[in-house]
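What follows is a set of notes on a single structure, which appears directly below.
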Amino acid sequence: MNPLMDIDEERALAMVLDEDPDVVAVLSLQLHVLGLESRCYRRADALLAELDDCAPQLVIMGLEFGDPDGIELLRLLAQQRFTGWVLLLGGVERKISRIAERVGHTLGLQMLGSLDKPMRLGELRQRLERLRPGCKPTIVPEDSPFFSAAELESALQQHELTVHYQPQFELSSGRLSGVEALVRWAHPQIGMIGPASFLPMLTAGQSRRLTCHVLEQALADAKRWREQGVYLSLSVNVTAEDLMESQLPSLTRQLAPNDSPLVVLEITETAAMDDELLGSEIAARLHLSGMEVAVDDFGVGFSSLSRLQMLPISELKIDRSFVRHIQQESQDAAIVEAVALLGRRLGIRVVAEGVEELDCLPMLARFGCTHVQGFGLSRPVPAEEIPLLASDQSPIRARIAASGEPTGSTP
C-alpha cells in the first residue's frame with residue numbers, strides 16, 4: 001500500500017506553483033501516483049487567495065515566477081500562518097535555493113528542502129516521507145530557550161546536568177581517537193533536554209560553573225576509560241568569556257593533573273572577544289600547561305584568519321554547513337579543501353564536523369582532513385558506551401581503501 005495514502009483517509013492536498021506548465025503537469029501526475037490530490041497555479045496571488053479555504057498539507061513552489069518572487073512568497077505564507085510543509089523546486093542556482101530554505105526555517109515554515117528539475121518520482125517520494133494524510137505538522141522552534149535562569153540554577157545545584165560524548169575518528173587509521181563533551185539536562189519531569197534549549201539562558205557565572213562541571217565530569221569518565229585500556233582526547237566547549245577569565249589556566253590545571261588525557265578547549269569561531277590580547281594570553285598559558293585550543297565552526301565567522309594569527313590554535317573544526325553538501329556542491333567542496341590545505345600548511349589537525357553520509361569520507365581524506373565526526377559515524381552517547389564503541393569501530397579505513405582514494409596525512 002502507498003505509505004502516503006490510507007483507503008480510509010481523505011487524500012492529502014498539495015498546491016503546486018510554477019510558471020512552466022510541463023513541470024506542473026509532471027508533478028501533478030507524480031503526486032497522484034503517491035496518493036495526493038493537487039491544485040496547480042501559475043500566480044502566487046491566486047495560490048494565497050485560496051490557501052486558507054483549501055488548507056493544503058503541502059505547497060510545492062518554484063522560486064522564479066515574477067512578483068512576488070519565491071522568497072517573498074515564503075514570507076507571505078508565514079504571514080498567513082501556513083502550518084503545512086513547503087517543498088522548493090530547483091531551476092535556480094543551488095546557493096539561492098539554500099538561502100530560501102534558511103529563510104523558510106527562520107520564518108517558522110516546515111521546509112522539506114529543494115527538489116531538482118527534472119523531478120524524479122523516487123526523489124519526490126523520499127521528500128514526502130514525513131507527510132501523513134489528515135494531520136498537520138506542529139511548529140516547534142528547536143533552538144528557542146524556554147527555561148529561566150532560576151530553573152537552571154536549581155539544575156546546577158541538583159546535579160541534573162550530565163555529559164554525553166560525540167565520538168571523533170581519525171581518518172588515516174579509522175580508530176576512535178577522541179570525544180567531544182556535550183552537556184545534556186536530565187530534567188526530572190521532561191526527560192533529556194538538548195543544550196539549545198537552555199544554554200542561551202545561562203548567566204556568565206553559570207556558564208563558568210558549567211564549563212568546570214563538564215570538564216570535571218569528562219576527566220572522571222576518561223579516567224574510567226583508561227582503566228579499561230581506552231585512551232582518548234577530550235574536547236570541551238568554552239565561551240569567549242571563559243577564555244578571557246584569568247583564573248581559567250590555574251583552574252584547569254587543578255582539574256586536569258599531569259596524567260590526564262589531552263584536553264582540547266573549543267571556542268566557537270563566531271564568538272566575539274572583548275579583548276583579543278587577553279584571550280590570546282589565556283590561550284597561551286593554557287598551551288604552556290599542556291592543553292590545546294581549537295576553533296569550532298570554522299568558516300562561518302568573519303575573523304577566521306585573524307583568530308588563527310592571534311591564538312595558539314592546534315585544531316580547526318570545519319563547520320557542518322560546508323561538509324554536508326561537499327559531494328553535490330563544488331563551492332562547498334572547494335572551501336573544505338582550502339581549509340584542509342591551510343591546516344596542513346600550519347601543521348594542525350583539521351576536523352570535518354557533521355558527517356552524515358559515509359560516502360563523503362574518501363573525499364575528505366583526499367582533501368587532507370585528519371579527523372571526522374557526525375551522526376553518520378555515531379551520535380553522542382553516554383560515557384558507558386564509549387569503551388564498546390572503541391572496540392567495535394566503524395570501518396572508516398576500509399571504506400576509503402575500497403574507493404581507491406589516497407588518505408590525508410595526520411600532522
Side-chain angles (χ1 to χ4, degrees), residues 1-78 80-105 107 109-137 139 325 327-329 357:
M1 181 181 293
N2 193 312
L4 296 178
M5 182 179 68
D6 189 305
I7 58 174
D8 296 326
E9 295 280 359
E10 182 181 354
R11 291 164 69 97
L13 174 65
M15 283 181 155
V16 180
L17 175 65
D18 198 89
E19 286 187 327
D20 189 335
D22 292 334
V23 168
V24 170
V26 171
L27 264 176
S28 297
L29 178 60
Q30 291 177 338
L31 290 168
H32 180 78
V33 171
L34 294 177
L36 285 86
E37 296 286 352
S38 61
R39 293 193 180 187
C40 303
Y41 304 83
R42 296 184 65 179
R43 298 195 337 269
D45 57 349
L47 182 148
L48 291 169
E50 298 183 9
L51 186 69
D52 292 338
D53 291 337
C54 292
Q57 287 187 285
L58 173 67
V59 169
I60 303 178
M61 51 177 279
L63 291 172
E64 292 182 305
F65 44 80
D67 188 18
D69 60 50
I71 295 179
E72 176 62 18
L73 177 57
L74 292 174
R75 295 190 177 278
L76 295 173
L77 287 172
Q80 288 194 215
R81 300 185 180 278
F82 176 58
T83 58
W85 302 95
V86 178
L87 175 62
L88 302 179
L89 293 176
V92 297
E93 184 182 349
R94 178 58 184 150
K95 185 181 293 185
I96 302 300
S97 296
R98 288 168 64 179
I99 291 173
E101 290 175 34
R102 291 200 298 270
V103 169
H105 281 298
L107 293 170
L109 297 173
Q110 301 295 299
M111 306 298 295
L112 287 174
S114 179
L115 186 67
D116 292 331
K117 299 178 183 178
M119 292 74 63
R120 295 177 174 84
L121 181 62
E123 293 180 10
L124 181 61
R125 186 195 304 273
Q126 185 178 22
R127 297 284 180 169
L128 302 186
E129 284 180 349
R130 299 166 67 186
L131 202 162
R132 291 292 179 269
C135 65
K136 293 183 178 180
I139 297 177
H325 301 289
Q327 292 181 293
Q328 297 80 30
E329 302 296 331
E357 302 292 338

To the closest 0.5 Å, what do you measure between [atom1] ([X]) and [atom2] ([Y])?
X     : Y     : atom1 : atom2 : result
Glu37 : Ser28 : CD    : OG    : 10.5 Å
Leu47 : Cys40 : CG    : SG    : 10.5 Å
Met61 : Ile71 : CE    : CD1   : 8.5 Å
Leu77 : Arg75 : CG    : CZ    : 12.0 Å
Leu27 : Leu17 : CG    : CG    : 11.0 Å
Ile60 : Leu31 : CD1   : CG    : 4.5 Å

Considering all heavy atoms, the nearest [X]-[Y] contact:
X      : Y      : value
Ser38  : Val16  : CB-CG2, 4.5 Å
Leu109 : Phe82  : CD2-O, 3.9 Å
Leu74  : Ala100 : CD1-O, 3.4 Å
Gln110 : Gly84  : CB-O, 3.6 Å
Ala12  : Gln57  : CB-OE1, 2.7 Å

**Request:** If a pair satisfies salt bridge (Lys or Arg N to Asp or Glu O under 4.0 Å) and one of its residues is in residues 44-53, list it, with sequence neighbours excluded.
**Result:**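 Only Arg39-Glu50, Arg43-Asp45 qualify under salt bridge (Lys or Arg N to Asp or Glu O under 4.0 Å).
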**Item:** Close side-chain approach of Asp22 to Val26, heavy-atom, < 4.5 Å
**Value:**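 With C-beta onward as the side chain, the pair stays apart.
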**Request:** Kindly check if the number of other-residue, nucleotide or ligand heavy atoms within 6.0 Å of CD (Gln328) is above 12?
**Result:** yes
**Item:** Among Leu124, Leu88, Leu128, Val59, the one residue meeting side chain to side chain contact (heavy atoms under 4.5 Å, CB included) with Leu112
**Value:** Leu128
